[in-house]
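Before any comments, here is the structure.
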Amino acid sequence: MSTNTTTTSAVSMNTRPITVTGQSVVGIAVLGLATFFAITTELMPVGLLGTMSADLGVSESTMGFVVTVYAAAVAILALPLTSLTARLPRKTVLVATLVGYTVSNVMIALAPSFAVVCAGRVVGGVAHALFFSVASAYATRIVPPRLAGRAIAFVYSGSSLGFVIGVPVATWVAQSIGWRPAVGAVAVAAAALAVVALLFLPSVRGASSPHIGSPKAWARTGLLSVVVADLLLFAGHYIVYTYIGPYAIDAGLDADMVSGALLVLGGTGVVGLWLAGVFVDRAPRQTLLAAVAVMAAAFAVLPFVHGSLLGTMAVAGVWMAANGTTGTLFMAAAIRTGGVSPDIAGALINGASNIGIAGGAAIGGQALGAVGLQFMPFAGAAVLLGSLGVVLAARRGFPVHSHVQEHLSTSSMEAITSSLAVVTTSVPVVSRAIQTLTGSVVVATASVPTRRRR
């Protein structure tokens, strides 16, 4: 390991708490909620493409550019922005990202034209480029070393909650009050959370000398392999997930039941997230190998059960449960390589994930046109096998035995239990805000098939 890496790790260790404090618990809870809002901002326009395109006078295919421009902003800016802001106080950067999400949603809610919507999405992409790069590393800095891995898992629970709660609620909100009020509600909620973060997040200093490394160093430490495997995993997943609504409807699901079906599938993803928290420190390589293999197998089986709605939902549930483990495992693996500072590792994973999302959605569209909905999962399975191959071959990035870096070794459930308690008791306070949120893939997936299947 390089001297810079050792220095960075030492600084990190010296500035982190030895015991769990109430402030740390609240901080992890705030980060989890912030992740929920971040995912909602990212996915909401995807679910509203049909109604937005009609209102703004552009075609749905043109409206889809708002997805591409967001992912492109994240992919291009994640590493340089994280590097440029690495020395700034972490709270300042994180609050700024929440303000960015707020501005993005306000611009979109009030947009008089398609061009303004795209500009708002660029603003959101800039915020997103920083948020996920900072949030995971932030979590590892405010808890004791033995609990850092599970802190990452808890922060990522916000993503799952965005799907579990946000997706079904999003459909109802969009249908009941329109897309502009729905986006505006997310803007208000994000602004409120920015204030909460400013008041309650523990202060964390930026890195005195952020370690970026080089592609050669990334390859030597195994970080590059982690990034490539993550990109392929997201690409394979989104080949199918982008069209999960149309796929379920084509398998026999009533269009009115899509939100309920996605609620169930999102719940299985939470099971996977819980498993990641359990095994992220005990057997990260084995767990990731099993998860990716199960996802690929599920995709290979889906076409054969497509005539049965029950069979399709059962296999999709297995797929989503396996996928629920991967975000935590990849982020922890990237940080554990020690090839770069934790924030930089987060930036690389963030950028790779968004390249995978954009690429997967594009490949899925091509596969849909070429072979139809039923056989589209075969394309996802092929890409997932590529990710599995990288994980198998890359023993530096995904070692058989745990990394020696102590700052991501966890063995106690004390902090995660306390954090869960904080979130549980805070639900009554934030429930009304949560009910206005969307991660609304549902609306889009309900509208896309009609166009494509005609």
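This is a predicted model, so every value here is computed, not measured.
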Do any side-chain atoms of residues 191-203 form donor-acceptor pairs under 3.5 angstrom with protein atoms, and if so which ones, sequence neighbours left out?
none

Using a 6.0 Å cut-off, check whether atom CD of Q286 has over 12 heavy atoms from anything other than its own residue. yes
Is any side-chain heavy atom of N350 closer than 4.5 Å to a side-chain heavy atom of N354? yes
Could you grab the distance from atom CG of N105 to atom CZ of R121, nearest 0.5 Å is fine? 8.5 Å
How far apart are the closest heavy atoms of Y101 and A38, and which atoms are they? OH-CB, 3.4 Å
May I ask you to decide if G317's main-chain N or O and T268's side chain share a donor-acceptor pair within less than 3.5 Å? yes
Can you tell me how far CG of L329 sits from CG of L288, rounded to the nearest 0.5 angstrom? 5.5 Å
If you look only at pairs with a residue in residues 336-377, which of them pass as a ring-ring contact (aromatic ring centres under 6.0 Å, His included), with sequence neighbours excluded? none
Applying side chain to side chain contact (heavy atoms under 4.5 Å, CB included), can you list everything that pairs with I349, at least two apart in sequence or on another chain? V226, V227, D230, M331, A334, S353
Which residues share a ring-ring contact (aromatic ring centres under 6.0 Å, His included) with Y138, sequence neighbours left out: none
Please check: side-chain N/O of R396 versus main-chain N/O of A219, any donor-acceptor pairing under 3.5 Å? no
Judged by atom type as modelled, is there a donor-acceptor pair below 3.5 Å linking the side chain of R90 to the main-chain atoms of A135? no
Starting at CG of L368, measure out to CG of L373 and round the result to the nearest 0.5 Å. 4.5 Å
Shortest non-hydrogen separation from A78 to G351 and the atoms involved: CB-N, 4.1 Å
Nearest heavy-atom contact between T85 and L81 is OG1-O, 2.9 Å
Of all heavy-atom pairs between A73 and A129, which one has the smallest distance, and what is that distance? O-CB, 4.3 Å
For the atom pair OH (Y238) and CD1 (I357), what is the distance rounded to the nearest 0.5 Å? 4.5 Å
Is M52 close to I108 at the side-chain level, that is, under 4.5 Å between some pair of heavy atoms? yes
Kindly determine whether Q366 and M376 satisfy side chain to side chain contact (heavy atoms under 4.5 Å, CB included), including the steps that lead there. CA-CA 9 Å; Q366 294 298 314; M376 184 175 59; over 6 Å; no
With V390 via side chain to side chain contact (heavy atoms under 4.5 Å, CB included) - residues at least two apart: S225, V228, A229, L232
Under a 3.5 Å distance rule, please check whether T287 uses its side chain to pair with a backbone N or O of P284 as donor and acceptor. no
Quick one: side chain to side chain contact (heavy atoms under 4.5 Å, CB included) partners of A298, sequence neighbours excluded? V315, W319
Value rounded to 0.5 Å, distance of CE in M320 from CG in N323: 6.0 Å
Pairs satisfying side chain to side chain donor-acceptor pair (under 3.5 Å), at least one member in residues 73-82, at least two apart: T82-S133
Under 3.5 Å, which donor-acceptor pairs do the side chains of residues 25-35 form with other protein atoms, sequence neighbours left out?
unit_1 : atom_1 : unit_2 : atom_2 : d
T35    : OG1    : L31    : O      : 2.9
T35    : OG1    : V155   : O      : 3.3

Applied to residues 69-90, the ring-ring contact (aromatic ring centres under 6.0 Å, His included) test, sequence neighbours excluded, yields Y70-H128
Check: T312 side chain, V305 main-chain N or O, donor-acceptor pair, under 3.5 Å: yes
Distance check, rounded to the nearest 0.5 Å: L94 atom CG versus L88 atom CG? 12.5 Å
So, do Y241 and Y247 sit near enough that their side-chain heavy atoms are less than 4.5 Å apart? no
Answer yes or no: is there a donor N or O on one side and an acceptor on the other, between the side chain of T325 and the main chain of A321, under 3.5 Å? no
Counterpart residues, side chain to side chain contact (heavy atoms under 4.5 Å, CB included), relative to A379 (two or more places apart): I239, A367
Do you know which two heavy atoms are closest between A300 and A381, and how far apart they sit? N-CB, 4.1 Å
With sequence neighbours left out, which residue pairs that include part of residues 376-394 fulfil the side chain to side chain donor-acceptor pair (under 3.5 Å) condition? none
Restricting to non-hydrogen atoms, name the atom on A358 and the atom on A71 that form the minimum distance, rounded to 0.1 Å. CB-CB, 4.0 Å
